[in-house]
Amino acid sequence: MLYDYPQYYEIAFSFRNIEDEAAFIDKCVNRFSDIPVRRIFEVACGHAPHAGELVGRGYEYTGLDINRNMLDYAAYKWRSLVPPPEFIEGDMIDFRYAEKVDFAFVMLGSLYLNNLEDMTRHFNAIADILNPGGLYFLDWCVQFADPMVPRARNNVSMERDGILVESKFNTRLVDSARQMYEEVWTVNVDDHGRHRRFEMIERNRAIFPQEFLLFLESRTDFEFVGWWHDWDLEQPIEGHADVKRPLVLIRRK
Ligand SMILES: C[S@@+](CC[C@H](N)C(=O)[O-])C[C@H]1O[C@@H](n2cnc3c(N)ncnc32)[C@H](O)[C@@H]1O
């Protein structure tokens, strides 16, 4: 698993503009949150790339992930942040957190919910921790395009500190009726002449936009706020056929 090697994962995805993405979160809070936001909670935080920016903007940060290596890497990386971020190990489908939070988010399509029951349990868990009026932000988790089009760039080559990480993404449909597809992610690493190859297959269920709205309507605890593309609140998705990076915002009632 590449997730067991957080440093390589971090390099592979270092093409992102983390500062802009954190600024987008800040804009969502300022424009759409019904409550003041103190604690922010990230689902599937991985190495928590946004923790530094968010704490720098005055928020308290908690990250949840299922992978211990990722959490240890994140805790070490952000050890000198004040207030210190909190990292908890758990499954997004069913987790507990003793505190309430004011904003939750999930990045990079990292919502791994393989059926309606998992989806219901996940949103129940978020509803339990999120204060009424607080927002839940989902990056790339609702599929506006054909899910066969990979959610990340097809071929990415990134280099840092003498480590070269080359990633290739492909997607294949495995069960049309269940909207299940697999993302096949092949990563080649050249770490100062030491070569490693990772092949990861992530099975996921596509969540389509109108299905997502119906899902929200079937619940009493969340309301739809809006959806935009490409980190731009001036670009709502409505009326566009070509959606680059769907960003969805909902609010806890
Ligand atoms: C694509 S990475 C995203 C990491 C980080 N949020 C980012 O933006 O780079 C997906 C993360 O989801 C975590 N993950 C996978 N299944 C999970 C689950 N059921 N519950 C919690 N985390 C999970 C993995 O361990 C991995 O760190």
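Atoms within a ligand are numbered from 1 in the order they appear, just like the ligands themselves. Note that the coordinates shown come from a computational prediction; the quantities given were computed from them, not determined experimentally. Values below: all heavy atoms of this structure, side chains included; hydrogens, waters and symmetry mates excluded.
Checked against Trp185 for a ring-ring contact (aromatic ring centres under 6.0 Å, His included), the options Phe198, Tyr8, Phe13 give a single hit: Phe13. Just one of Asp139, Asp232, Asp20 meets the salt bridge (Lys or Arg N to Asp or Glu O under 4.0 Å) condition when paired with Arg245; it is Asp139.
Between the side chains of Arg39 and Thr62, at least one donor N or O lies within less than 3.5 Å of an accepting N or O. A donor-acceptor contact closer than 3.5 angstrom is absent between the side chains of Tyr9 and Asp4. Glu86 and Tyr61 form no side-chain donor-acceptor contact under 3.5 Å, judged by distance and modelled atom types alone.
Looking only at protein heavy atoms, the nearest one to atom 23 (C) of ligand 1 is Ile66 CG2, 3.5 Å.
Heavy atoms of Ala44 found under 4.0 angstrom from ligand 1 belong to the backbone as well as the side chain.
In this structure, Phe208 has its ring center no closer than 6.0 Å to that of Phe144. When ring centroids are compared, Phe41 and Phe103 stay outside the 6.0 Å threshold.
An N or O contact shorter than 3.5 Å links Met92 to ligand 1 by distance. In terms of N/O distances under 3.5 Å, ligand 1 is not approached by His50.
Atoms of ligand 1 lying under 4.0 Å from at least one heavy atom of His47, given by number and element, are 9 (O). Set against the non-hydrogen atoms of Gly90, the atoms of ligand 1 under 4.0 Å away are 20 (N), 21 (C). The Ser110 neighbourhood of ligand 1 comprises atoms 1 (C), 2 (S), 3 (C), 10 (C), with distances under 4.0 Å to a heavy atom of that residue. Close approach of ligand 1 to Met107 is summarised as follows: ligand atoms under 4.0 Å from at least one heavy atom of the residue are 8 (O). Numbered from 1 in the order shown, with element, the atoms of ligand 1 that lie under 4.0 Å from a heavy atom of Asp91 read 18 (C), 19 (N), 20 (N). Atoms of ligand 1 found under 4.0 Å from any heavy atom of Cys45 (numbered from 1 in listed order, with element): 4 (C), 5 (C), 6 (N). Using a 4.0 Å cut-off to heavy atoms of Met70, the atoms of ligand 1 that qualify are 27 (O). Close approach to Asn67 involves these atoms of ligand 1, each under 4.0 Å from a residue heavy atom: 25 (O).
Among Glu10, Glu183, Arg16, Met1, the residue whose heavy atom lies nearest to atom 7 (C) of ligand 1 is Arg16. Which of Phe13, Tyr9, Tyr112 comes nearest to atom 16 (N) of ligand 1 through a heavy atom is settled by distance: it is Tyr112.
Residue Glu223 qualifies as enclosed at atom CD: its count of foreign heavy atoms under 6.0 Å is above 12. Heavy atoms of other residues, nucleotides or ligands lying less than 6.0 angstrom from CZ of Arg196 number more than 12.
Residue Asp65 places a heavy atom less than 4.0 Å from ligand 1.
Asn115 contributes a side-chain N or O that, together with a main-chain N or O of Glu117, makes up a donor-acceptor pair within less than 3.5 Å.
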